[in-house]
Amino acid sequence: MRILVVEDDAILNDGLLTGLNLAGFSVEGAATLDEARAALAAGRFSAVVLDIMLPDGSGIDLLRELRAQDDNQAVLLLTARDTVSDRISGLDAGADDYLGKPFDLDELSARLRALVRRSNGRASACLVWEAITLDPATMQVEVKEQPVALSRREFSVLHALMQSPEVIQSKSQLEEKLYGWQEDVESNTIEVHIHYLRQKIGRCAVETIRGLGYRMGRCS
């Protein structure tokens with residue numbers, strides 16, 4: 001899951017990037033509205049964590065811009081202004097959730113997983129495809145009820161595929177979900193992750209659609 005964190009406090013921003021990354025998210029940071037707009041213009045995110053009070057304006061303005069463009073990316077407002085009226089204003093402007101400072105990183109991670117789950121139309125927290133079960137909260141994968149150890153990137157590839165298992169996703173789409181817009185990505189990086197995934201969960205579990213990309217395969 002690719003997350004954009006828009007927060008001008010450098011220490012908090014770095015802490016969020018590190019903590020959410022360890023929780024299994026692919027995270028990018030922005031400190032101003034202009035940086036956030038540039039990141040959003042470069043690609044789509046699973047969710048945006050948006051501070052209201054930013055150096056060059058209000059996060060609410062950016063939120064209204066997104067909704068005026070019919071952009072339905074999930075947005076969680078994160079701010080020290082936690083009065084009832086502030087929450088109402090943010091939610092009425094189009095926010096999907098609201099978390100006041102100070103906050104618990106585990107709660108933020110859980111709220112983000114719930115936002116992404118709802119935006120994908122799912123009720124269950126776990127993803128299941130044939131004999132494979134993936135739990136985004138614990139970053140655990142089981143095949144035929146047996147645990148399988150995956151690297152963080154391998155887990156992210158599998159998670160991206162299992163969110164829409166029958167949809168073909170191109171290499172560039174998977175790269176966008178796994179890596180930041182300013183990161184350099186080797187040309188064969190996705191192929192390498194897919195190769196190791198197949199070794200661990202079964203060669204038939206990920207199907208290559210020549211010239212198009214990848215989707216979950218059927219082993220039965």
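Basis for what follows: all heavy atoms, side chains included, without hydrogens, waters or symmetry-related copies.
Nearest heavy-atom pair, Trp129 versus Pro165, reported as atom, atom and distance to 0.1 Å: CE3-CB, 3.4 Å. Closest approach of Gln173 and Ile168 over heavy atoms only: OE1-O, 3.9 Å. A pairwise comparison of heavy atoms in Ala74 and Leu115 identifies CB-CB, 4.1 Å as the closest pair. Heavy atoms only, all atoms of each residue included: Asp51 and Leu78 are closest at OD1-O, 2.7 Å. Taking all atoms of both residues into account, the shortest heavy-atom contact from Leu112 to Ala47 is CD2-CB, 3.9 Å. Nearest heavy-atom pair across Asp8 and Pro55 is CB-CD, 3.5 Å.
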Give the C-alpha distance, both sets of side-chain angles, the deciding distance and a yes or no for side-chain contact (heavy atoms from CB on, under 4.5 Å) between Val148 and Leu150.
-> CA-CA 6 Å; Val148 176; Leu150 301 180; 3.9 Å; yes

Candidate pair Glu176 and Lys171, rule salt bridge (charged side-chain N to carboxylate O under 4.0 Å, His left out), full reasoning | CA-CA 9 Å; Glu176 184 177 289; Lys171 185 173 77 169; over 6 Å; no

Mind running side-chain contact (heavy atoms from CB on, under 4.5 Å) on Val157 and Ile194 for me, showing each step along the way?
-> CA-CA 8 Å; Val157 170; Ile194 296 288; 3.7 Å; yes

How far apart are the C-alpha atoms of Arg67 and Asp96, what are their side-chain angles, what is the distance that settles it, and do they pass the salt bridge (charged side-chain N to carboxylate O under 4.0 Å, His left out) test?
-> CA-CA 11 Å; Arg67 298 310 185 230; Asp96 299 279; 2.9 Å; yes

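In this structure, the side chain of Glu7 engages the main chain of Asp9 through a donor-acceptor pair within 3.5 Å. Under the 3.5 Å distance criterion, the side-chain polar atoms of Arg2 are left unmatched by any main-chain donor or acceptor of Phe25. Formation of a donor-acceptor pair under 3.5 Å by the Gln73 side chain with backbone atoms of Val48 is not found in this model.
By the criterion of side-chain heavy atoms lying less than 4.5 angstrom apart, applied directly or through intervening Ile, Leu, Val, Met, Phe, Trp or Tyr residues, Tyr196 is not grouped with Phe155; the two fall into different hydrophobic clusters. Linking ILVMFWY side-chain heavy atoms closer than 4.5 Å, directly or via other members, places Phe103 and Ile3 in a single hydrophobic cluster.
Atom CG of Leu22 is separated from atom CZ of Arg152 by 8.0 Å, given to the nearest 0.5 angstrom. Taking CG of Leu212 as the reference point, atom OG of Ser170 lies at 9.0 Å (rounded to 0.5 Å).
Contact annotation: the side chain of Val49 never approaches that of Leu77 to less than 4.5 Å [non-hydrogen atoms, C-beta and beyond].
His195 and Gln199 form a side-chain donor-acceptor contact under 3.5 Å, judged by distance and modelled atom types alone.
Between Arg218 and Glu166, at least one side-chain nitrogen of the basic residue sits less than 4.0 Å from a carboxylate oxygen of the acidic one, meeting the salt-bridge criterion.
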